[in-house]
Amino acid sequence: MRKSMLLFVVLSSMMIGACSFLDGANQSVDYVKQATAHINKLSTFAEEAPQLIKDAATNPETKQKLEDQLLALKTEIEQFNLKSVPAFAKDIHQQLVEKNKVLLDEINQVVVNGHLVLDKLQNSQILATITDITGLINRISNLGS
């Protein structure tokens, strides 16, 4: 009876450890996916923005679209910064949060009272900051491997 009880305890401990390991692996994959999706959204905006900025000068609908995208990015960034992070990703996440805060400040400077001020956007560093953030994608991708 004692041997079977001991065997049960050992096997139970191993299964709990395996579940814990799998949970950690799932959290790792989830974080990498979420961080990659976040950076991809920023990158897509940066690719589309120059043409939108140019068109927004003469087209109020395009200006509204640009304003909506900036406000959506702001919300996305704020939500991403609040994500819980697995221990292995804390350093890279902190770097991402710091760069995101710079980007939030820049967005807040070009969106005044909820409305885009186009000339402020044209003279902002938003696209350069996004490029800086997208430079972290390789480090984030390596977290998953």
Side-chain angles (χ1 to χ4, degrees), residues 6-145:
L6 182 60
L7 182 60
F8 175 75
V9 169
V10 169
L11 288 175
S12 295
S13 297
M14 289 173 63
M15 289 187 68
I16 290 171
C19 289
S20 176
F21 173 77
L22 289 175
D23 286 344
N26 286 339
Q27 285 180 346
S28 300
V29 170
D30 286 346
Y31 179 77
V32 170
K33 284 181 182 177
Q34 292 169 359
T36 300
H38 172 68
I39 289 176
N40 285 340
K41 286 178 187 174
L42 295 176
S43 181
T44 299
F45 175 80
E47 290 171 11
E48 296 172 355
Q51 187 63 47
L52 289 173
I53 292 168
K54 182 179 173 186
D55 295 346
T58 58
N59 185 333
E61 290 175 9
T62 304
K63 182 180 178 192
Q64 184 62 52
K65 179 180 178 181
L66 192 54
E67 181 179 301
D68 293 344
Q69 286 183 355
L70 279 169
L71 294 173
L73 272 183
K74 182 178 175 181
T75 300
E76 157 74 24
I77 293 165
E78 291 167 343
Q79 291 174 349
F80 182 83
N81 285 354
L82 297 174
K83 291 197 178 302
S84 65
V85 182
F88 79 95
K90 286 210 184 292
D91 289 341
I92 189 73
H93 184 74
Q94 186 57 41
Q95 289 178 31
L96 198 46
V97 166
E98 288 170 12
K99 292 176 185 291
N100 278 342
K101 286 180 180 178
V102 171
L103 185 55
L104 281 173
D105 288 343
E106 292 170 350
I107 291 172
N108 287 331
Q109 290 173 18
V110 302
V111 178
V112 179
N113 296 322
H115 297 289
L116 173 63
V117 179
L118 195 56
D119 61 331
K120 286 187 176 192
L121 177 59
Q122 292 167 331
N123 296 318
S124 77
Q125 294 297 309
I126 287 177
L127 298 180
T129 302
I130 290 174
T131 299
D132 190 30
I133 293 170
T134 59
L136 295 174
I137 194 71
N138 289 335
R139 290 190 55 209
I140 291 168
S141 296
N142 289 337
L143 290 175
S145 47

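Note that these values count all heavy atoms, side chains included, but never hydrogens, waters or copies made by symmetry.
- Scored by the side-chain hydrogen bond (donor to acceptor under 3.5 Å, both in side chains) test, Glu48 finds no partners at all (sequence neighbours excluded).
- Between Ile140 and Ala35 the shortest heavy-atom distance is CG2-CB, 3.7 Å.
- A 4.5 Å side-chain heavy-atom check between Asn108 and Lys74 finds at least one atom pair inside the cut-off.
- With sequence neighbours left out, Glu76 forms a side-chain hydrogen bond (donor to acceptor under 3.5 Å, both in side chains) with His38, Lys41.
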Going through the checks in order, is the side chain to side chain donor-acceptor pair (under 3.5 Å) test met by Asp68 and Gln64? CA-CA 6 Å; Asp68 293 344; Gln64 184 62 52; 2.8 Å; yes
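- Contacts of Lys63 classified as salt bridge (Lys or Arg N to Asp or Glu O under 4.0 Å), with partners at least two apart in sequence or in another chain: none.
- His93 is linked by a side-chain hydrogen bond (donor to acceptor under 3.5 Å, both in side chains) to Tyr31, counting only residues two or more places apart in sequence or in another chain.
- The ring pair (Phe, Tyr, Trp, His ring centres under 6.0 Å) pairs that include a residue from residues 101-130 number zero, where partners must be two or more places apart or lie in different chains.
- For the atom pair Leu66 CG and Thr62 OG1, the distance stands at 8.5 Å (nearest 0.5 Å).
- Not a single side-chain contact (heavy atoms from CB on, under 4.5 Å) links Asn123 to another residue, sequence neighbours left out.
- Here Ile137 pairs with Thr36, Ile39, Ser141 under the side-chain contact (heavy atoms from CB on, under 4.5 Å) rule; sequence neighbours left out.
- Of the inter-residue distances, the one linking Ile53 atom CD1 with Gln122 atom CD reads 6.5 Å to the nearest 0.5 angstrom.
- Looking at Ser124, its side chain does come within 3.5 Å of a backbone N or O of Leu121 through a donor-acceptor pair.
- The side-chain hydrogen bond (donor to acceptor under 3.5 Å, both in side chains) search around Gln51 returns Asp55, not counting sequence neighbours.
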Determine, step by step, whether Val117 and Val110 satisfy the side chain to side chain contact (heavy atoms under 4.5 Å, CB included) criterion, reporting the C-alpha distance in whole Å, the side-chain angles of both residues, the deciding distance to 0.1 Å, and the verdict. CA-CA 5 Å; Val117 179; Val110 302; 5.7 Å; no
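- Rounded to the nearest 0.5 Å, atoms CG (Asp30) and NZ (Lys33) are 6.5 Å apart.
- Residue pairs meeting the side chain to side chain donor-acceptor pair (under 3.5 Å) criterion with at least one partner in residues 77-90, sequence neighbours excluded, are Asn81-Asn100.
- Residues Leu103 and Leu42 have side chains in contact (heavy-atom distance under 4.5 Å, counting atoms from C-beta outward).
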Contacts table for residues 128-135: side-chain donor-acceptor under 3.5 angstrom, sequence neighbours left out:
| residue | atom | partner | partner atom | Å |
| --- | --- | --- | --- | --- |
| Thr129 | OG1 | Glu106 | OE1 | 2.7 |
| Thr129 | OG1 | Glu106 | OE2 | 2.9 |
| Thr129 | OG1 | Gln125 | O | 3.0 |
| Thr131 | OG1 | Leu127 | O | 3.0 |
| Asp132 | OD1 | Lys99 | NZ | 3.3 |
| Asp132 | OD2 | Lys99 | NZ | 2.8 |
| Thr134 | OG1 | Ile130 | O | 3.3 |
| Thr134 | OG1 | Thr131 | O | 2.9 |

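- A donor-acceptor pair under 3.5 Å links the side-chain atoms of Thr75 to the main chain of Leu71, judged by distance alone.
- Residue pairs satisfying the ring pair (Phe, Tyr, Trp, His ring centres under 6.0 Å) criterion with at least one member in residues 44-70, sequence neighbours excluded, are absent.
- Within the structure, the salt bridge (Lys or Arg N to Asp or Glu O under 4.0 Å) test picks out no pair touching residues 108-129 (sequence neighbours left out).
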